[in-house]
Amino acid sequence: MTDSPHSILDRAGLDRETARSAIADALSGADDGELYLEYSQSEGLLFDNGRLKSASYDTAQGFGLRAVAGEAAGYAHSGEISEKAIRRAADAIQAVKSGHAGTYAEAPRGTNVALYPDASPLGSPTFAEKVKLLEEIDAYARGKDPRVQQVTASLGGSYQEVEILRADGRLVRDVRPLVRVFVSVVVGDGQKQEAGSFGMGGREGFEKFITQDSWHAAVDEAYRQALVNLDAVPAPAGTFDIVLGPGWPGILLHEAVGHGLEGDFNRKKESAFAGLMGQRVASPGVTVVDDGTLPNRRGSISIDDEGTPSQRNVLIEDGILVGYMQDRQNARLMGMKPTGNGRRQSYAHIPMPRMTNTIMLSGNADPAEVLASVRDGIYAVAFGGGQVDITSGKFVFSCTEAYRIEGGRIGPAIKGAMLIGNGPDALTRVKMIGNDMELDRGIGTCGKQGQGVPVGVGQPTLRIDQITVGGTAT
């Protein structure tokens with residue numbers, strides 16, 4: 001987790017003491033701050049309409065220098081890693097300390113944990129093999145059914161090295177591989193067209209995702225979802241008991257609840273959960289954790305982007321609010337401890353509290369019993385886009401696969417269903433929690449204040465009573 005023969009500083013021809021000296025004056029009198037260095041490679045291939053539509057490969061590197069003084073933070077970044085560039089950045093952030101005399105915070109605690117090997121996943125398979133794979137995916141999908149009208153398949157991967165150097169000379173390092181495979185299938189019948197999709201990935205190489213069994217299953221699932229939507233009837237509008245499927249539907253938990261548990265929103269009293277620490281905020285049995293230590297998961301990191309080791313943070317325990325997700329600045333201002341959630345999109349972005357893998361833990365109910373308990377409701381299996389207001393907790397989410405529940409059984413597929421509600425309120429309406437918690441397939445990206453970072457979600461089958469559904473049935 002510290003020195004490496006592949007150090008970004010070494011490759012830039014810059015020794016640690018020279019870099020430390022360059023930032024020491026800039027951070028003198030600051031409460032906190034660091035030099036964040038990054039080297040990254042990324043690759044993307046898109047196959048659409050029977051041909052390779054685009055291919056890209058990019059290499060980038062740079063640094064960001066931050067000084068924290070009270071509630072303020074000065075930040076400067078550059079794509080050039082040199083003593084001269086760092087000293088220019090140091091001059092640029094001096095103003096944030098004007099009139100401030102702080103004591104430089106102690107470094108984050110150390111860790112010997114490294115989740116990922118120091119090797120890029122982008123070299124295997126080769127570019128030619130990736131193109132051939134995409135051609136095979138396209139041919140397999142089109143050969144399933146003459147109603148298949150369009151196939152889109154993509155492969156994406158990245159490799160990121162991160163180093164964080166503090167004014168006290170401590171340096172920590174992390175490496176972060178990431179891959180993603182995605183398939184979309186459009187089927188048509190007369191004038192009707194519907195789409196289905198499936199994605200998978202994680203912080204590892206492509207190997208297990210590009211076996212024939214794996215990509216066949218991905219195509220089959222995208223095709224199945226498209227057929228379900230082709231036969232779906234318009235969704236009803238009204239108030240219904242909702243059953244959420246396991247896994248990816250945890251994106252609703254992530255958006256409607258997770259952001260409200262991030263430290264900055266609570267410090268500024270902008271979250272519906274502000275001031276509720278130690279109080280009941282959810283039904284008994286609801287336990288929510290954010291865990292950045294799960295091996296190979298999309299949201300997992302060895303250390304966050306301030307150098308704090310990633311960890312498993314319990315946020316809601318048996319319905320009681322017990323924790324927030326914190327970066328170093330907000331934790332200090334709130335009198336709390338950093339939780340390993342200080343994340344940033346790249347060296348050009350300042351860190352802030354962000355989720356990693358946000359999960360609701362399993363309960364005791366059999367999933368079949370959860371469905372059987374609902375007389376008239378909606379079974380939501382997959383979600384698309386959504387909107388959330390952090391302050392009020394209000395959310396709107398569109399279902400990409402959903403069904404009516406009739407007499408405790410899954411009924412016809414419906415389309416156009418929108419779930420409308422309030423995140424904190426929805427937590428109190430949880431009535432049954434399945435014993436089948438699943439993690440998502442490794443495709444999530446979370447946006448906040450213009451920054452996107454990879455995340456994971458997960459949950460068991462869940463019954464939530466009396467949620468408003470916006471539908472299209474007349």
Side-chain angles (χ1 to χ4, degrees), residues 8-9 12 14-40 60-108 162-172 262-270 303-308 325-338 341-354 447-453:
I8 299 172
L9 283 174
L14 191 62
D15 67 79
R16 187 196 302 190
E17 178 55 30
T18 298
R20 188 207 64 79
S21 176
I23 66 174
D25 290 342
L27 300 184
S28 177
D31 297 319
D32 207 353
E34 72 286 309
L35 179 70
Y36 174 92
L37 301 118
E38 177 188 1
Y39 170 83
S40 65
Q61 68 175 16
F63 73 85
L65 180 60
R66 180 179 65 147
V68 177
E71 296 187 16
Y75 197 70
H77 62 88
S78 173
E80 174 191 337
I81 301 177
S82 67
E83 180 182 1
K84 182 179 179 181
I86 293 172
R87 291 195 180 278
R88 284 200 306 265
D91 291 339
I93 64 173
Q94 289 290 335
V96 76
K97 299 186 303 172
S98 179
H100 186 85
T103 300
Y104 191 60
E106 292 185 5
V162 166
E163 291 175 4
I164 299 159
L165 177 64
R166 295 178 54 80
D168 54 17
R170 183 180 177 205
L171 182 136
V172 293
E262 292 168 338
D264 49 353
F265 292 128
N266 285 278
R267 178 178 66 82
K268 298 172 185 176
K269 305 276 192 282
E270 294 175 352
I303 56 174
D304 72 5
D305 294 325
E306 299 176 306
T308 304
M325 291 167 281
Q326 297 283 16
D327 63 353
R328 288 174 61 84
Q329 182 181 19
N330 286 283
R332 176 178 51 80
L333 293 170
M334 296 178 73
M336 298 180 175
K337 293 182 178 180
N341 291 95
R343 304 186 66 191
R344 61 183 106 196
Q345 178 175 315
S346 75
Y347 70 85
H349 300 83
I350 199 163
M352 65 181 80
R354 304 296 300 272
K448 177 180 176 180
Q449 297 180 23
Q451 295 192 40
V453 296

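Under the side chain to side chain donor-acceptor pair (under 3.5 Å) criterion, E38 pairs with Q160, sequence neighbours left out. Residues satisfying the salt bridge (Lys or Arg N to Asp or Glu O under 4.0 Å) criterion with E71, sequence neighbours excluded, are R267. Looking at residues two or more places apart in sequence or on another chain, you find a side chain to side chain donor-acceptor pair (under 3.5 Å) between T18 and D15. Legend: residues meeting side chain to side chain contact (heavy atoms under 4.5 Å, CB included) with A167, ordered by chain and number and at least two apart, are L27, Y104. Applying the side chain to side chain donor-acceptor pair (under 3.5 Å) rule to S28 yields no partners; only residues at least two apart in sequence or on another chain are considered. For the salt bridge (Lys or Arg N to Asp or Glu O under 4.0 Å) test, residues two or more places apart in sequence or in another chain that qualify with D168 are R166. Not counting sequence neighbours, the partners of A72 by the side chain to side chain contact (heavy atoms under 4.5 Å, CB included) test are V96. When the side chain to side chain contact (heavy atoms under 4.5 Å, CB included) test is applied to D304, the partners found at least two apart in sequence or on another chain are I301, E306, T308. In this structure, the side chain to side chain donor-acceptor pair (under 3.5 Å) partners of E83, at least two apart in sequence or on a different chain, are R87. With sequence neighbours left out, the side chain to side chain contact (heavy atoms under 4.5 Å, CB included) criterion links A24 to R20.
Between Q326 and K337 the shortest side-chain heavy-atom distance does not fall below 4.5 Å.
Remark: side-chain polar atoms of E80 are not paired, donor with acceptor, to backbone N or O of F63 under 3.5 angstrom.
In summary, D305 and R66 do not engage in a salt bridge, as defined by a charged side-chain N under 4.0 Å from a carboxylate O.
Residues in residues 97-106 take part in no salt bridge (Lys or Arg N to Asp or Glu O under 4.0 Å) pair, two or more places apart or across chains.
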